[in-house]
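What follows is one structure encoded as structure tokens, with my remarks underneath.
Bear in mind the structure is a predicted one, so any value in this text is a computation, not a measurement. Scope of the values below: all heavy atoms of this structure, side chains included, with no hydrogens, waters or symmetry mates.
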Amino acid sequence: MKQKKTAYLGLFLALALICSYVESLVPVFVGIPGVKLGLTNAVVILMLYTIGAKEAFLVSMLRILLAGFLFGNLFSILYSMAGGILSFLCMLLLKRTGLFRIISVSAAGGITHNLGQLVVAMLVVESKKLIYYFPVLLLSGILTGIVIGIVAQEILLRLPRDL
């Protein structure tokens, strides 16, 4: 069973990196830096619901580091790490309550990812004025989180039960 889990970790990490690469190619024009589709959140949330929290967190952090070195820079790693950790913790807590469905968990993850990045950006540039970006980041987090949640839910329905 441990070998099977290890194989899945590699597969999910590769899938997350592919999603990161595809996302880096898709321009999102809303006038605010940091707005993205959140494709890799589908991989993380699927892992959270199928394999386990520790494994999902590990793949999320490795993906952030590798994608940052491959497609970004040190600042993209910093922003993504803050957003990724906050988002993961929020999704994990909501999932564990048993009160929320995968779509709601994903939407909350999208919102908190943007919030984490915004807080780090405010610290880096030493300006509280960046908070004015939050309404757009909130809306984009909700919308992309819902879409990614729907995609993850549909994939989850089609995955084998012995994953």
Side-chain angles (χ1 to χ4, degrees), residues 8-9 12-13 15-24 26 28-68 72 75-124 128-159 163:
Y8 283 132
L9 290 179
F12 277 116
L13 179 57
L15 186 57
L17 282 170
I18 290 167
C19 288
S20 287
Y21 177 67
V22 168
E23 196 167 54
S24 74
V26 178
V28 180
F29 299 109
V30 292
I32 294 180
V35 174
K36 292 190 176 188
L37 300 174
L39 298 175
T40 56
N41 192 43
V43 175
V44 173
I45 204 158
L46 282 171
M47 289 187 72
L48 191 58
Y49 277 81
T50 58
I51 295 183
K54 286 184 262 184
E55 295 83 2
F57 185 73
L58 176 65
V59 166
S60 180
M61 295 301 106
L62 286 173
R63 191 270 317 162
I64 289 169
L65 286 172
L66 292 172
F75 281 109
S76 67
I77 294 172
L78 178 66
Y79 295 131
S80 293
M81 195 66 75
I85 291 170
L86 187 60
S87 171
F88 183 83
L89 291 174
C90 177
M91 291 190 301
L92 178 63
L93 290 172
L94 292 179
K95 180 191 176 288
R96 284 192 175 165
T97 67
L99 300 173
F100 300 93
R101 300 180 79 190
I102 193 169
I103 296 170
S104 303
V105 171
S106 177
I111 294 165
T112 52
H113 192 281
N114 287 346
L115 180 61
Q117 288 186 326
L118 184 61
V119 169
V120 168
M122 289 169 45
L123 293 171
V124 168
K128 294 178 184 174
K129 291 182 180 182
L130 293 178
I131 198 68
Y132 293 117
Y133 288 156
F134 188 64
V136 174
L137 292 173
L138 176 67
L139 182 62
S140 72
I142 291 169
L143 294 176
T144 59
I146 289 171
V147 170
I148 295 302
I150 291 169
V151 169
Q153 181 177 35
E154 291 302 312
I155 293 170
L156 194 59
L157 292 172
R158 288 158 177 78
L159 284 177
L163 191 65

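- With a 4.5 Å cut-off on side-chain heavy atoms, Y79 and V124 count as touching.
- The side-chain tip of K95 points at the ring of Y49 from less than 6.0 angstrom away and within 45° of straight on.
- For G84 against I64, the heavy-atom pair with the smallest separation is CA-CD1, 4.1 Å.
- Contact detail for V120 and A82: the closest heavy-atom pair is CG2-CB, 3.1 Å.
- The structure places CD1 of I103 at 11.5 Å from CD1 of I148, a figure rounded to the nearest 0.5 Å.
- No side-chain heavy atom of L137 sits under 4.5 Å from any side-chain heavy atom of Q117.
- Separation of atoms CE (M61) and CG (L13) is listed at 12.0 Å; rounding is to 0.5 Å.
- Atoms CE and OH, on M122 and Y133 in that order, are 12.0 Å from each other to the nearest 0.5 Å.
- Between K36 and V26, the closest side-chain pair of non-hydrogen atoms is not below 4.5 Å.
- With hydrogens and angles ignored, the 3.5 Å screen pairs a side-chain donor or acceptor of T144 with a backbone N or O of S140.
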Between R63 and V43, is a side chain to side chain contact (heavy atoms under 4.5 Å, CB included) present by the stated rule, with each step listed?
-> CA-CA 10 Å; R63 191 270 317 162; V43 175; over 6 Å; no
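- By the 4.5 Å heavy-atom criterion applied to side chains, L138 and N114 are not counted as neighbours.
- Minimum heavy-atom separation, A152 to I102: CB-CD1, 4.0 Å.
- At a threshold of 4.5 Å between non-hydrogen side-chain atoms, the residues S106 and I146 do not count as touching.
- Taking CG of L58 as the start and CE of M47 as the end, the distance is 7.5 Å to the nearest 0.5 Å.
- Note that CG of L92 and OG1 of T97 are 10.0 Å apart. Values are rounded to the nearest 0.5 Å.
- When atom types are taken as modelled, the side chain of S60 and the backbone of A56 share no donor-acceptor pair closer than 3.5 angstrom.
- When side chains are defined from C-beta on, F57 does not count as touching V44, because their heavy atoms never get closer than 4.5 Å.
- Closest of all the heavy-atom pairs between S80 and H113 is O-NE2, 3.9 Å.
- The closest side-chain heavy-atom distance from M81 to I85 is below 4.5 Å.
- A donor-acceptor pair under 3.5 Å is formed between the side chain of E23 and the backbone N or O of G38.
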Could you walk me through whether S104 and L94 pass side chain to side chain contact (heavy atoms under 4.5 Å, CB included), step by step?
-> CA-CA 9 Å; S104 303; L94 292 179; over 6 Å; no
Does the pair F88 and T112 meet the rule for a side chain to side chain contact (heavy atoms under 4.5 Å, CB included), with working shown?
-> CA-CA 9 Å; F88 183 83; T112 52; over 6 Å; no
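- Under the 4.5 Å side-chain criterion, counting only non-hydrogen atoms from C-beta, L115 is in contact with F134.
- Closest approach of A16 to T40, counting heavy atoms only: O-CG2, 3.2 Å.
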Criterion side chain to side chain contact (heavy atoms under 4.5 Å, CB included) on T50 and Y8, from CA distance to verdict | CA-CA 11 Å; T50 58; Y8 283 132; over 6 Å; no
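- Atom CD1 of I155 sits about 11.0 Å away from atom CD of Q153, to the nearest 0.5 Å.
- Closest of all the heavy-atom pairs between A108 and C90 is CB-SG, 3.8 Å.
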